[in-house]
Each structure stands twice: as structure tokens, then as C-alpha cells.
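Structure first, commentary second.
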Amino acid sequence: DLIKNDETIIKILNDLSSVLDRNINESNVLQISGKTGYGILNLIKTIIIKGFSCDTTKKSNIKFIKCFFFIGTIISVSYENFKGYIVTIIVNNGQIKKNENIFTKDKKTNEIVKLKIINIGINIPERIYKNQLHINEIGFLTFKKTTINFEIGTIISTNKDIYNIQIEKNLKIKKEKNKLQYSIFTEIFPYDKNNIFLLKKYLNYLNLNNEFSIKPCISSCLGAGFSCNFLGSFYLNVILNRLENEYKIKIINTPSIGL
């Protein structure tokens with residue numbers, strides 16, 4: 001079925017000692033070791049290059065009507081000091097070049113925002129800067145300083161009209177939003193009340209790639225903090241651990257309550 005669907009198959013052998021015993025052509029098989037880490041870096045590079053390489057002779061996996069402008073989908077968002085937002089995208093149609101302007105929707109205001117691209121590149125896995133990305137490629141974009149709230153799954157394009165309801169319908173890219181069902185509620189407060197703005201900043205950073213709601217709240221005992229809803233206890237524990245271990249901020253949280 002994989003061959004019929006024109007899928008890429010990468011052969012991997014995790015047991016190096018059995019290569020000769022199984023009479024396997026070593027040139028066609030990637031040899032790795034999960035125990036020592038041997039060959040893992042080469043495997044990651046091969047997956048990225050073979051799995052997401054640009055081939056303009058093939059149609060995109062996403063069915064769009066024939067058009068000549070860039071369309072992409074946001075698949076990951078992160079934030080780095082001095083660089084700002086690093087937005088990872090997959091190019092669904094056309095190509096995108098450095099210094100071009102793109103349009104996307106703000107997660108909170110739902111308004112269309114214009115952004116200028118500063119850098120374009122790919123990760124294989126080290127970061128490599130390029131001048132453009134082509135159809136079916138996965139890469140990252142950086143922009144001039146912006147306060148936009150990015151959302152994973154949002155369409156970005158060089159054509160502002162892409163957000164017209166009728167065009168979205170014709171392109172079959174209108175996003176069907178299913179309301180997430182939060183199951184855990186808790187309130188998070190800074191141990192030092194002076195760190196309330198830092199806590200807000202770090203929660204917003206974590207919310208880029210982790211889906212949970214944030215609302216300001218005030219406690220008569222603990223002061224100002226944030227009321228948060230999570231998809232489950234696992235997600236709650238991840239956020240609490242990252243706040244303390246990664247961002248080095250002491251916090252106090254109320255016992256989690258199931259919704």
C-alpha cells in the first residue's frame with residue numbers, strides 16, 4: 001500500500017551485529033543504535049531530506065485549487081530572545097522568499113495581520129538559512145518585532161484575500177474549529193508577588209505550543225495570579241515543571257480540580 005501511494009520508505013536496522021547474518025545490502029539500510037545513539041543524527045537528516053524534500057513535479061498532499069501565490073500552514077511556534085517568534089510552517093502551495101510580506105490571523109483578535117519575513121530556513125536538524133522555501137518543504141520563518149498571537153494550524157499567505165470566506169471554502173482549507181474540552185482547573189500564583197509580570201510572560205510563551213487557557217485572577221491570600229484550564233493532569237504537570245525548572249520562577253498553585 002505504501003508503494004502504491006508513492007510513499008517514501010527508509011530502511012533501518014537497529015541491530016548492527018546482524019547485518020552480515022541477514023545478508024542485507026548496507027548501502028540501502030541505515031544502521032543505528034538506540035543504546036549508544038550511533039546513526040541517530042544521520043537518521044533524522046535522512047527523514048527530513050527524503051520525507052519533506054521539494055519536488056515540484058508532484059502535487060501537494062493538500063488539495064488546493066490552481067493558484068500562483070504562497071499558502072502555508074503553521075505547525076509549530078517558539079520564542080527566542082533577540083530573535084522573537086520562530087514559526088515553523090509547511091508550504092502547501094507556491095513558494096515564499098526572504099523579505100516578502102505575508103498575512104495571517106491573530107489568535108486572540110481574529111484580525112488579519114501583515115508581517116515582513118526577516119529570515120527563512122530549515123532544520124536538518126541544525127538551523128540552515130535559505131532565501132526561499134518551495135512547495136512541500138518544511139521550514140521556519142522569523143519576522144520583524146511583532147506582538148501577534150500565532151496559532152498552530154492557521155493558514156498564512158502572501159495573498160490577503162485568502163481569508164475571504166468564499167475563497168477558503170473553494171480551497172478546502174477553511175479551518176473546522178472543534179472546541180477543546182478542558183478537564184483540569186487550577187490557579188497559579190508567583191511565590192514573589194513582584195514576579196507577576198514575569199509569570200504572565202512565561203505562561204504566554206508556554207501557551208504558544210501548549211493548549212491551555214489563561215485568565216487573570218485575584219486571591220485574598222495569595223494576591224494576583226492566573227486561572228488556567230488544562231486538557232488533563234499531564235499537561236498541568238508539564239507546565240508547572242517548565243515554569244520552575246526551565247524559567248526558574250517559584251510558583252504556588254492551588255489543588256487541581258476536575259471540570
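Please read all numbers here as calculations on a predicted model, not as lab measurements.
Placement of Ile156 and Leu115 within a single hydrophobic cluster is found when ILVMFWY residues are connected by side-chain heavy-atom separations under 4.5 Å, directly or transitively. Linking ILVMFWY residues whenever their side-chain heavy atoms come closer than 4.5 Å, directly or via other members, leaves Ile196 and Phe189 in distinct clusters. No continuous path of ILVMFWY side-chain contacts below 4.5 Å connects Leu222 to Ile251, so the two sit in separate hydrophobic clusters. If you chain together hydrophobic residues whose side chains sit under 4.5 Å apart, Ile155 and Phe140 never meet in one group. Side-chain heavy atoms closer than 4.5 Å link hydrophobic residues (I, L, V, M, F, W, Y) into clusters, and following such links, possibly through other members, connects Ile117 to Ile128.
Ile188 places a side-chain heavy atom less than 4.5 Å from the side chain of Leu199. Using a 4.5 Å cut-off on side-chain heavy atoms (C-beta onward), Val113 and Lys105 make no contact. Looking only at side-chain heavy atoms (C-beta outward), Phe212 and Asn207 come within less than 4.5 Å of each other. The closest side-chain heavy-atom distance from Ile74 to Val77 is below 4.5 Å. Here the side chains of Asn159 and Phe103 are not in contact, with every heavy-atom distance at 4.5 Å or above. With contacts defined as side-chain heavy-atom distances shorter than 4.5 Å, the pair Asn253/Leu240 qualifies.
Counting heavy-atom neighbours within 6.0 Å of Tyr129 OH, excluding the residue itself, gives a total above 12. For Lys200, the NZ atom counts as loosely surrounded, since its 6.0 Å shell holds 12 or fewer non-hydrogen atoms of other residues, nucleotides or ligands. Counting non-hydrogen atoms of neighbouring residues, nucleotides and ligands closer than 6.0 angstrom, the CD1 atom of Ile75 exceeds 12 such neighbours.
Residue Phe143 is tested with Phe150, Tyr85, Tyr79 for a ring pair (Phe, Tyr, Trp, His ring centres under 6.0 Å); the sole match is Phe150. The only member of Ile96, Asn93, Val91 that meets side-chain contact (heavy atoms from CB on, under 4.5 Å) when paired with Ile71 is Asn93.
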Output, in order, the C-alpha distance, side-chain angles, deciding distance and verdict of salt bridge (charged side-chain N to carboxylate O under 4.0 Å, His left out) for Lys114 and Glu100. CA-CA 10 Å; Lys114 181 180 178 181; Glu100 281 191 318; over 6 Å; no
Run the numbers on Glu137 and Lys130 for salt bridge (charged side-chain N to carboxylate O under 4.0 Å, His left out), then give the verdict. CA-CA 12 Å; Glu137 276 194 303; Lys130 300 178 65 177; 3.0 Å; yes
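Looking only at distances, no side-chain donor or acceptor of Thr142 sits under 3.5 Å from a matching main-chain atom of Ile86. Under the 3.5 Å distance criterion, the side-chain polar atoms of Asn195 are left unmatched by any main-chain donor or acceptor of Leu198. Side-chain atoms of Thr73 never come within 3.5 Å of backbone atoms of Ile90 as a donor-acceptor pair (strictly under, hydrogens ignored). Checked by atom type and distance alone, the side chain of Lys248 pairs as donor or acceptor with a backbone atom of Asn245 at under 3.5 Å. With hydrogens and angles disregarded, no donor-acceptor distance shorter than 3.5 Å links the side chain of Ser227 to the backbone of Cys217.
Minimum heavy-atom separation, Asn99 to Lys116: O-CE, 3.6 Å.
A cation-pi geometry, defined here as NZ or CZ lying under 6.0 Å from the six-membered ring centre and within 45° of its normal, does not hold between Arg242 and Tyr247.
The distance from the CD atom of Glu246 to the CG atom of Asn241 is 11.0 Å, given to the nearest 0.5 Å.
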